[in-house]
Amino acid sequence: MANIGRRNFVKRLWAALGIIAGAELLIAFSGFFSAKRKPLTSDSQKLVEAGKVSDFQMNSVFPFRSGKFFLVRLSDGGFMAVSLKCTHLGCSVIWNDEKKTFVCPCHASSFDQVGQVISPPAPRALDTYPVIIGEGKVMVDITKSVRRKQFESSQVTYA
Ligand code: FES
């Protein structure tokens, strides 16, 4: 009889330990998923407000070093946000307004106004960031750099 009582006690102990382990797993999973959500909140704070549409002259390039991009306003009024990170080894390109080209000071790659390679060793066009235009303002989402091989008209955003 005492043997059966001990067996029941051990069964109940294992059941209790199983419940505790299950609860810990549940807490661990909920922590994992809430940790995943936090960066999205901070990501949404990385929308850079560049300025009003009317602030940017046509056929011009405006550096946003803190946002790590150049805002390009094309001659047809479209906007692009071109990454300043060279696609060769990652140096920061600079804009040469006279020549209307981006130039990399490290190994002399150059890119045209829309970021296409003019001269290597850069293997592909400069990355871009999505441009969002709303209520007359230009915003750039710096959380999503877009890797591309070359320029396509779909990469341009219009007001
Ligand atoms: S890092 Fe730009 S050309 Fe090498």
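Order of listing sets the numbers, starting from 1, for every ligand and every atom in it.
For H107, the N, O or S atom closest to atom 4 (Fe) of ligand 1 goes by the atom name ND1. The atom of H88 nearest to atom 4 (Fe) of ligand 1 is ND1, with the search restricted to N, O or S atoms.
Aromatic pair F62/F56: ring centres closer than 6.0 Å. A ring-centre distance under 6.0 Å is found for F102 and F70.
S119 and S110 form a side-chain donor-acceptor contact under 3.5 Å, judged by distance and modelled atom types alone. In the model, Q155 has a side-chain atom that pairs as donor or acceptor with a side-chain atom of R148 under 3.5 Å.
Backbone or side-chain N, O or S atoms of C91 do not reach atom 4 (Fe) of ligand 1 at under 2.8 Å. One of the N, O or S atoms belonging to C86 lies under 2.8 Å away from atom 2 (Fe) of ligand 1.
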Go through I94 and N96 one step at a time and tell me if the side chain to side chain contact (heavy atoms under 4.5 Å, CB included) criterion holds. CA-CA 6 Å; I94 41 183; N96 181 326; over 6 Å; no
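Among all non-hydrogen protein atoms, the one lying nearest atom 1 (S) of ligand 1 is L89 N, 3.3 Å.
With V93 as the partner, the side-chain contact (heavy atoms from CB on, under 4.5 Å) test is satisfied by one option alone out of V82, T87, L126: L126.
Numbered from 1 in the order shown, with element, the atoms of ligand 1 that lie under 4.0 Å from a heavy atom of S109 read 3 (S). With ligand atoms numbered from 1 in the order given, ligand 1 contributes 1 (S), 2 (Fe), 3 (S) to contacts under 4.0 Å with heavy atoms of C104.
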